[in-house]
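Here the structure comes first, spelled out in structure tokens, and everything after it is commentary.
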Amino acid sequence: MKILVINGPNLNMLGIREPEIYGKKTYADLEAFIEDAFRETGTEGEIWQSNHEGDIVDRIQQAYGEFDGIVINPGGYTHTSVAILDALKAVGIPTVEVHLSDVDAREEFRRFSYVSLVAAKTIKGKQFEGYREAIRWLAENR
Ligand code: DQA
């Protein structure tokens, strides 16, 4: 089982950006946490981050035939990107959507997610743990 974890814009700023919402741990801490989750679940994985919508579309397309599952936190593109939704539909790879924060408890515009229209599961508001849950779910529901 090969899982690609995609993190979208501004997640590289973890630890600095809005710590009252996203916590004080850094992006490197998140990467280490996800690596542990790969080990625990016996999955093979790759972690990739970009601030650019088109690059995220390219990475999803490249995952076709290479990965069995995708975990994606599309950051702000969650609420705007038809292109990321279409790319996920195009490759047909089982996808779990993760948000560190509880997007439903924040501004109104964060309540809608394009990616939710294709994701098999969405995990919100569990901070880093959401990624472990997503990886575990893909490993158990392949
Ligand atoms: C986020 C929530 C989004 O609304 C926001 O734009 C992000 C991070 C989260 O992980 O909680 O960048 O996806």
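Just so it is clear, the values below take in all heavy atoms, side chains as well, and ignore hydrogens, waters and symmetry mates. One-based numbering, in listed order, for ligands and for the atoms of each.
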Closest approach of any protein heavy atom to atom 3 (C) of ligand 1, naming residue and atom: H79 NE2, 3.5 Å
Stepwise salt bridge (Lys or Arg N to Asp or Glu O under 4.0 Å) check, D86 with K89: CA-CA 5 Å; D86 285 347; K89 281 186 170 175; 5.2 Å; no
Would you mind checking which non-hydrogen protein atom is closest to atom 1 (C) of ligand 1, with the distance to 0.1 Å? H99 ND1, 3.7 Å
among protein heavy atoms, the one nearest atom 5 (C) of ligand 1 is R110 NH1, 3.3 Å
Can you tell which part of L100 has a heavy atom less than 4.0 Å from ligand 1: side chain, backbone, both or neither? both
Regarding N7 and Y131, do their side chains bring together a donor and an acceptor under 3.5 Å, going by distance alone? yes
When every non-hydrogen atom of S50 is compared with those of D55, the smallest separation belongs to OG-CB, 3.6 Å
Atoms of ligand 1 close to R17 [distance to a heavy atom under 4.0 angstrom, numbered from 1]: 7 (C), 8 (C), 12 (O)
Salt bridge or not between R59 and E46? Use side-chain N to carboxylate O under 4.0 Å. yes
Atom 8 (C) of ligand 1 [closest protein heavy-atom partner, distance rounded to 0.1 Å]: Y22 OH, 3.5 Å
Contact between ligand 1 and Y77 is defined here as a heavy atom of the residue under 4.0 Å from a ligand atom; is it met? no
Looking only at protein heavy atoms, which one is nearest to atom 11 (O) of ligand 1, and how far off is it? S101 OG, 2.6 Å
Element-labelled atoms of ligand 1 that are located less than 4.0 Å from some non-hydrogen atom of N73: 1 (C), 9 (C), 10 (O), 13 (O)
Have a look at ligand 1 and work out which part of V103, if any, has a heavy atom under 4.0 Å from it: side chain, backbone, both or neither. side chain
Give a yes or no on whether a salt bridge exists between E97 and K121, defined as a side-chain N under 4.0 angstrom from a carboxylate O. no
Quick check for you: to the nearest 0.5 Å, what is the distance between Q61 atom CD and I93 atom CD1? 10.5 Å
Specify the closest pair of heavy atoms between T80 and G76, including all atoms of both residues, with the distance to one decimal. OG1-O, 3.8 Å
